[in-house]
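Here is the structure we will look at.
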Amino acid sequence: MPVVMARDLEETASSSEDEDLANQEDHPCIMWTGGCRRIPVLVFHAEAILTKDNNIRVIGERYHLSYKIVRTDSRLVRSILTAHGFHEVHPSSTDYNLMWTGSHLKPFLLRTLSEAQKVNHFPRSYELTRKDRLYKNIIRMQHTHGFKAFHILPQTFLLPAEYAEFCNSYSKDRGPWIVKPVASSRGRGVYLINNPNQISLEENILVSRYINNPLLIDDFKFDVRLYVLVTSYDPLVIYLYEEGLARFATVRYDQGSKNIRNQFMHLTNYSVNKKSGDYVSCDDPEVEDYGNKWSMSAMLRYLKQEGKDTTALMAHVEDLIIKTIISAELAIATACKTFVPHRSSCFG
């Protein structure tokens, strides 16, 4: 399973080592690309964590590949890299091939990246990850390309700046509406309202028309966690991993207004529902459709059995992913040209 692609290994190899590498065409961790110029690309295999295969480690060890993890605790990433022969360096070291960080890099650090170094963030990627920036980018695309082409969000307002507009819409449709902080995650600070008086205007928030008749499985709300990798914004290159997760709420869905504050009914975030006494975990990796987390494949099989057109559904999902990333493409591509000396240095 390709997880992250590394830079050309020949950057760290001597001429004799180059010959050794050329003789390893069948190595499970090397894929050759680049047309006539045969470029070795490092491929990571998840099962290496369990097998601890020395043959998997040999490339990382031979070319002294290294990584550092900064401002995050990514145990899975550390395990994957270690299993492939990478060694970890101190977070302050500048001698590394891969930096995995939990925060955005400052421009002066991006400018220092060499061609053999990669980092898991693009500059200005908050244009996608901050809800207020994403909202503004999509609105801009609606104005440029037409509302219908980019109708991928429910009606939304940024408060307090658009409070009057929200109240005008609320007078025509009293809700419910859902409120989200602009720069939060894991369901923190999210709540439903059916009256503008229930909203706190002390910080910037988004309020969106709530989808009151969601698609349910066994009467439970669910969402899908997909894994999308962008390796370049110029040209734009997007990968969608073939598998994902379906995450379920822990209380059966009811449209009644008396349940409007029940997070376990309305939110599907794992960070929220794991606190519920009704949360059911599944520790068997062979079972895909039990508990509050299913595989996406199991979810699609279920929907197909219920008569849903899952092929059309996934086509719509892919369309949404592409349009979402395109909405922020110009800002991020411009930042890359400004701050990143090598176009292959970033992924995310």
Side-chain angles (χ1 to χ4, degrees), residues 1-25 27-45 48 55-72 74 76-125 229-237 239 332-333 335-348:
M1 177 182 68
V3 179
V4 179
M5 286 186 282
R7 185 58 189 158
D8 298 4
L9 299 181
E10 64 241 27
E11 296 289 343
T12 56
S14 67
S15 58
S16 61
E17 288 175 328
D18 281 340
E19 294 175 4
D20 290 342
L21 184 59
N23 292 328
Q24 297 189 35
E25 293 189 17
H27 193 279
C29 290
I30 295 180
M31 179 175 65
W32 297 88
T33 186
C36 295
R37 180 176 177 231
R38 305 197 62 198
I39 303 173
V41 175
L42 188 61
V43 179
F44 291 86
H45 299 265
N55 189 41
I56 295 290
R57 299 177 56 88
V58 68
I59 301 300
E61 291 176 346
R62 174 171 294 170
Y63 298 101
H64 311 292
L65 300 179
S66 61
Y67 71 94
K68 67 177 184 178
I69 295 180
V70 181
R71 291 187 291 276
T72 186
S74 299
L76 179 59
V77 173
R78 179 178 279 111
S79 298
I80 284 280
L81 293 171
T82 300
H84 287 77
F86 281 62
H87 67 276
E88 185 170 5
V89 299
H90 191 272
S92 63
S93 173
T94 59
D95 185 15
Y96 62 87
N97 297 100
L98 173 64
M99 181 196 310
W100 191 275
T101 176
S103 60
H104 299 283
L105 293 185
K106 300 294 184 183
F108 75 90
L109 289 175
L110 288 168
R111 290 190 176 101
T112 66
L113 292 175
S114 73
E115 193 173 5
Q117 292 178 315
K118 282 187 176 290
V119 62
N120 66 321
H121 280 287
F122 285 95
R124 292 192 68 175
S125 57
L229 171 66
V230 179
T231 57
S232 169
Y233 276 90
D234 183 19
L236 183 59
V237 180
Y239 295 90
I332 299 176
C336 288
K337 290 179 180 178
T338 304
F339 303 123
V340 184
H342 307 284
R343 64 166 46 185
S344 63
S345 293
C346 300
F347 66 95

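Counting from 1, the numbers follow the sequence of the chain as shown.
- Side-chain atoms of Ser125 do not come within 3.5 Å of backbone N or O of Ile332 as any donor-acceptor pair.
- Under the 4.5 Å side-chain criterion, counting only non-hydrogen atoms from C-beta, His84 is not in contact with Ile59.
- For the pair Trp100 and Ser74, the tightest heavy-atom approach, listed with the atom from each and the gap, is NE1-OG, 3.2 Å.
- Between the side chains of His90 and Ser92, at least one donor-acceptor pair of N or O atoms lies under 3.5 Å.
- Using a distance-only test at 3.5 Å, with no hydrogens or angles considered, a donor-acceptor pair links the side chain of Ser232 to the main chain of Asp234.
- Nearest heavy-atom pair across Thr33 and Val41 is CG2-CG2, 3.4 Å.
- Looking at heavy atoms from C-beta onward, Leu81 lies in side-chain contact with Leu98 at the 4.5 angstrom threshold.
- Between Phe86 and Tyr67, the ring planes lie tilted relative to each other; the angle falls in the 30° to 60° range.
- Annotation for His45 and Ile56: closest pair CD2-CD1, 4.4 Å, computed over non-hydrogen atoms.
- The CG atom of Leu110 lies 11.0 Å from the CZ atom of Phe122; values are rounded to the nearest 0.5 Å.
- Interatomic distance, CZ of Arg71 versus OG of Ser103, reported as 3.0 Å (0.5 Å rounding).
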*Test side-chain contact (heavy atoms from CB on, under 4.5 Å) on Val119 and Leu105 and set out the steps.*
CA-CA 9 Å; Val119 62; Leu105 293 185; 3.5 Å; yes
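- Using a 4.5 Å cut-off on side-chain heavy atoms (C-beta onward), Pro28 and Asn55 make contact.
- Proximity of Phe347 to Asn120: side-chain heavy atoms (C-beta onward) are separated by under 4.5 Å at one or more points.
- Checking His121 against Thr101 by side-chain atom types alone, no donor-acceptor pair falls below 3.5 Å.
- Using a 4.5 Å cut-off on side-chain heavy atoms (C-beta onward), Leu236 and Val230 make contact.
- The shortest non-hydrogen separation linking Ala83 to Ala48 is CB-O, 3.7 Å.
- Side-chain atoms of Lys118 and Cys346, non-hydrogen and from C-beta on, never get closer than 4.5 Å to each other.
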*Decide yes or no on salt bridge (Lys or Arg N to Asp or Glu O under 4.0 Å) for Glu88 and Arg78, but give the supporting numbers first.*
CA-CA 8 Å; Glu88 185 170 5; Arg78 179 178 279 111; 2.9 Å; yes
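- A 4.5 Å side-chain heavy-atom check between Cys336 and His342 finds every atom pair outside the cut-off.
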_Full working for side-chain contact (heavy atoms from CB on, under 4.5 Å) between His27 and Val58_ = CA-CA 10 Å; His27 193 279; Val58 68; 3.2 Å; yes
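- Interatomic distance, CG of Asn97 versus OG of Ser66, reported as 4.5 Å (0.5 Å rounding).
- Under the 4.5 Å side-chain criterion, counting only non-hydrogen atoms from C-beta, Thr82 is in contact with Arg57.
- Closest non-hydrogen pair, Pro341 versus Leu113, comes out as CG-O, 3.4 Å.
- Between Pro91 and Lys68, the closest heavy-atom pair is O-NZ, 3.0 Å.
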*Can you list the steps and then say if Ser345 with Gln117 is a side-chain contact (heavy atoms from CB on, under 4.5 Å)?*
CA-CA 6 Å; Ser345 293; Gln117 292 178 315; 5.9 Å; no
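- Between the Arg343 side chain and the Lys337 main chain, no donor and acceptor come within less than 3.5 Å of each other.
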